[in-house]
2 protein chains.
Amino acid sequence: MSSSPAFTRAEPDARRQSLIEACARVLARSGAAGTSVRAIALEAGVSSGLVGHYFAGIDALVAASYTHVEAQVGAALNQALATAAADPRAQLDAYVTASFTPPVASGELLATWIAFWSLVRAQPAIARQHDEQYARFRSRLEALLAACGIAPATLRHTAIAVTALVDGLWLELSLSPGAFSAAEASAIARAQLDALISTSRSAC
Amino acid sequence: MSSSPAFTRAEPDARRQSLIEACARVLARSGAAGTSVRAIALEAGVSSGLVGHYFAGIDALVAASYTHVEAQVGAALNQALATAAADPRAQLDAYVTASFTPPVASGELLATWIAFWSLVRAQPAIARQHDEQYARFRSRLEALLAACGIAPATLRHTAIAVTALVDGLWLELSLSPGAFSAAEASAIARAQLDALISTSRSAC
DNA sequence: ACACTTGTTATACGATCGTCCAACAAGCAA
DNA sequence: TTGCTTGTTGGACGATCGTATAACAAGTGT
């Protein structure tokens, strides 16, 4: 009689990816405090020693998870833009609404993001990663706003304002879901966009 | 010859307060991950065992620090309001500007706040504390906005929007100080207030 | 069938965590 | 001065942390 294999050998890239995804799930479920090498390995269904085989340390794994979650959010926003109508204002609305819809707005993603924020001050590499992510997010928004007729002179400040508004609504929506609903957040953000676009001259 | 005392006995309330303040300092300096009973005791200049004498556990101490930091922020905002001119719009401006000025806007306070956020999901008591804090903040803002002539029907949404805008600006200002300056954040927020107040009818 | 590479496991190690507790001493009352 | 209350200390305890490493086994080429 043949016994089943004690373990299965995985393609290195696939195994690495599964560890990253397991790390993201643990971060979402337990927060930064509960994210340990052993918890991640258990979540991924491997032994704890394997983590050291693929990553220099748990910090490197967390940084890789940061990149992965960023990519997931970016993909969700991209899909929202692709699905929406082509005119600039509809694109902007889709961008904002997607920010308040799962999977972007969710308690799990919030926990992951907070875990990253908690590392920003201590780890320069994480700080640099955040700066780049924020710059990308804002630059993308600037393009959408420019297409809506926002004057170039005020483009930077407008993008900062909208980003802050969306982030603030997203944060509070995720932190205390009882305070207001996702639909309210979306309506509030759209109303602000209306005001910004109409006062900045030129229709959309 | 008389040797100096091995330790000094403190008034219970004073000792308790010094532990809370030491906890807040450690949270600010090292984040939630680096905040241990021993680190707090070292910061306060007492032995680690004393923490258990004043608090049921480190979670209770962190919750007490949350309350303390909340009170500090509230006091800073109160002082800003008291110093500013009495007319409603000046009050609103002072409220917003104070949010982007130390000690409210600072890397230390951000680290403390993130540490609390990271506990919101895991600890219902912390979540309740956050909900109450957010409700107080928003209710106060509603009063200021009402005095500026915002229509009662849109008061709630306007307060949510302004709170989100201020929080988002504050967060990003503290997370990556290089992206924009405190003066810019203040100018952006005031411009948004201008737009909100002018479109909602009635001058201020 | 055999050797070889290497993904994988299991364990050990020192450090640090939160909590607990017996002993000590500071300050006050008698 | 003496005794008592209790704030305070310092260390012990078990659990868990991140990391390192020897032994094992799966898969591949020969």
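Below, chains carry the letters A, B, ... as their sequence lines are ordered, and counting in each starts from 1.
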Aromatic ring pairing Phe116(B)/Tyr66(B), orientation class (parallel under 30°, perpendicular over 60°, tilted between): parallel

Can you tell me how far [atom2] of [N] sits from [atom1] of [X], to the nearest Å?
X        : N       : atom1 : atom2 : value
Asp59(A) : dC17(D) : CG    : C1'   : 13 Å
Phe55(B) : dG7(D)  : CZ    : P     : 13 Å
Leu50(A) : dG18(D) : CG    : P     : 15 Å
Ile58(A) : dA20(D) : CD1   : P     : 13 Å

Just by distance, with hydrogens left out, do Arg190(A) and Thr97(A) show a side-chain donor and acceptor under 3.5 Å apart?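 Yes.
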
For His130(B) and Glu172(A), which I'm curious about, is there any donor-acceptor pair between the side chains at under 3.5 Å? yes

Between [N] and [X], is there an OP1 or OP2 to side-chain N/O distance shorter than 4.0 Å?
X        : N      : result
His53(B) : dG7(D) : yes
Arg16(A) : dG7(C) : no
Tyr54(A) : dT8(C) : yes

Does the pair Arg138(A)/Asp167(A) count as a salt bridge with the N-to-O cut at 4.0 Å?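 No.
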
Any Lys/Arg nitrogen of Asp93(A) or Arg89(A) sitting under 4.0 Å from an Asp/Glu carboxylate oxygen of the other? yes

Hey, does Val46(A) reach any base, or is it just sugar-phosphate, or nothing, if we go heavy atoms under 4.0 Å?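 The answer is sugar-phosphate, as Val46(A) gets under 4.0 Å only of primed atoms, P, OP1 or OP2.
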
Indicate, with a heavy-atom threshold strictly under 4.0 Å, whether Gly52(A) touches base, sugar-phosphate, or nothing. nothing

Is the Phe137(B) to Tyr95(B) ring centre distance short of 6.0 Å?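 Under 6.0 Å, so yes.
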
For DNA chain D, the residues among residues 28-44 of chain B that have a non-hydrogen atom under 4.0 Å from it: Arg38(B)

Out of dT8(C), dT11(C), dT9(D), minimum distance to the side chain of Ser48(A) belongs to dT11(C)

